[in-house]
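I have placed the structure first, in the form of structure tokens, so that the comments after it can refer back to it.
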Amino acid sequence: MQRRILLKLIWMSALATLSTRTFGFGIQQNVQNDLSLLKSIYRPTPAMRAVGSRYLHSLDAQPSIGQLLKFAGIQDASTPRQLISAFEAQRKADFEANNIAILDGWIVARAEASICAILSQ
Amino acid sequence: MLIDFREYDSTDPIECDICIVGGGAAGVTIARTLAGSSLSVVLLESGGLDPDFDTQMLANYKNVGDYLIEMCRLRFLGGTTNHWRGASAPFSALDMSVRSWVPDSGWPIGRQDLEPYYRASHELLELGNYEYGYPLPSNEAWRFPDYENGLVNRLYRRRLTPINFGTDFREELDSAANVRLLYNAIVVNINANANADSIETVSIRTHEGKTNQVRAKRFVLAVGAMETPRMLLLSNDVQQEGLGNGNDMVGRYFMMHPHANIGTVAYDSSEFAAHLTRGQEENVDLISIVGFSELAQAQKEVLSASVQTVLLPDPDSGRAAAKRIAGDLKKLDWPDDFGEELMRVLMDLDDIAADAFGSSSSADSSGSARLWVQSEQSPNPDSRVMLDTKTDALGMRKTVVDCRLHEIDHKTIRMLGEIYGSETARLGLGRVKLEDWVIADSMSWPANLSGGCHHLGSARMSADPAKGVVDVNCQVHGINNLHIASSAVFPAGSDVNPTMTIVALSLRLTNYLQQVL
């Protein structure tokens, strides 16, 4: 189950791209506050929600959705492609800066943890 | 000349220039180096040429510390090299330096002092090219990921058939006219003069009760980091606190190398899979590990440590089953008279645990692997080898081992796991899941924490008699003709396997003895 979480995290960008191609999402609106759109791209699983919940539980103060989107690096994305690209960049930057979280033993970037946290709500 | 002491006829004391106690890597190295010289040498081995149960039981001890300590010291000619796996590498300069963040760290000699002896040790162990850096000048095609954030690739070398000091050098010792190897000769006391500043003889006996004494100009204790303090503490007829123990340092700073599975990596990269393959130079395996750079150790204030990736065995395999069984056996509080069968199982542990240093000759570009860490243990005066109240079959008090770990030991492993996991993800190689004990907020260790059979410290080297047992020449402080040759003298233990350094120090000591005699 845990490995599935990671595989999901690793491949979610690809999945999002696939979803866009498959279903022809013509997303025009800003994703910043559109939780349903985010969920349609990243299709949360119970395991991802669990990771997200653990992340939120580990924080002293509960962040807003806007803050989590910022942590994930996607607050300014307006299209799925931008979102995916921005998320990948943030994910890599987090690992470069050792900006990581350890959730249930797995080492994840804060960007990844943030996405999971959003999806857990 | 090889002599079975049980069949030795004379009762006259045995005279020689140098008496070496212990026929393992250190003792045999010194004896064979002196072969053909003008010095007469007696090498005493408590066991025989093959293992026997009664002698092996003399090494039994009580463990009350943080590790699960394996019964791995072998008491017959060749000592523990009868079952070592051969992984070898020299210490780094930092390993031997004073580190402000590691209390009581630092050797009184530098890495450069050991360099010529490391080269000689490397040659003696037949380890191929003297190359331990990365990438290998002679094998640049064998490439690993470019880790950053304080991680570097390193190498172990391992002869496919590791040198066995009991069998590989036996003929050489037998034919040396100036070397007498007395086996089945158990040292029961080191006899000092009235001032306890010089050793006159050592008393030896057989299981059957035959006794004698060996008189020498110089004595060398080459019996490892558990037996060395035992023999010094037991030899208390003149110096009541034990020989060389005027400052209560004998037995302290005992260390091992924490060995443990810290997690799992799910990888998806042929570049990563290179870690799982052996490099090879004729008869030598090259084993890749990833560890902290010297700079990172200083910046992060951690110890020397490295992680090796090991392919996950099939959980249903016989080897895995054997390992589970062995793990269960090792949790037992061993009775004094545990049977030969159990001993055989324990002696076979190295083979069972071969995975720990066994890489595959090929690996798929994706899969799962175990993360196996081997770390330095910080020097700790409260980590000790002491005398037990119980005695062995010869009436000698046994040892109690209380090997204690510190917060920095756990911090080192946790940080290595986190950075390794983060780097593996950053480079897109795979993802890491760490074990609960690794990421626990407070210091936590797995129940099966192994010390890797690497017993270090307990008679540490220091220029200051108040802070160590031996001086820079491995001579016991205050005793003008007693030396120690083993990992017992390590003031700090690095994270690398100790045999190459034991041999290097033994060669250095031999050089010193040749100069002074």
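Fair warning: this is a prediction, and the values are worked out from it, not measured in the lab. The chains referred to below are lettered A, B, ... by the order of the sequence lines, with proteins before strands, and numbering in each begins at 1.
Interface residue B:Asn149: only side-chain heavy atoms are found under 4.5 Å from chain A. Only the backbone of A:Ala109 comes within less than 4.5 Å of a heavy atom of chain B; no side-chain atom from C-beta onward does.
Under a 3.5 Å cut-off, the side chain of A:Lys92 and the backbone N or O of B:Leu427 do not form any donor-acceptor pair. Checking side-chain atoms of B:Arg431 against main-chain N and O of A:Trp106 turns up no donor-acceptor pair under 3.5 Å.
Between the CD1 atom in A:Ile107 and the CD1 atom in B:Ile439 there is a gap of 8.5 Å [rounded to 0.5 Å]. Atom CD of B:Glu148 sits about 6.5 Å away from atom CD of A:Glu96, to the nearest 0.5 Å.
Annotation: side chain of B:Glu418 is not in contact with side chain of A:Asn98 (no heavy-atom distance under 4.5 Å). At a threshold of 4.5 Å between non-hydrogen side-chain atoms, the residues A:Leu103 and B:Lys433 do not count as touching.
Surrounding NZ of A:Lys70 are at most 12 heavy atoms belonging to other residues, nucleotides or ligands under 6.0 Å away.
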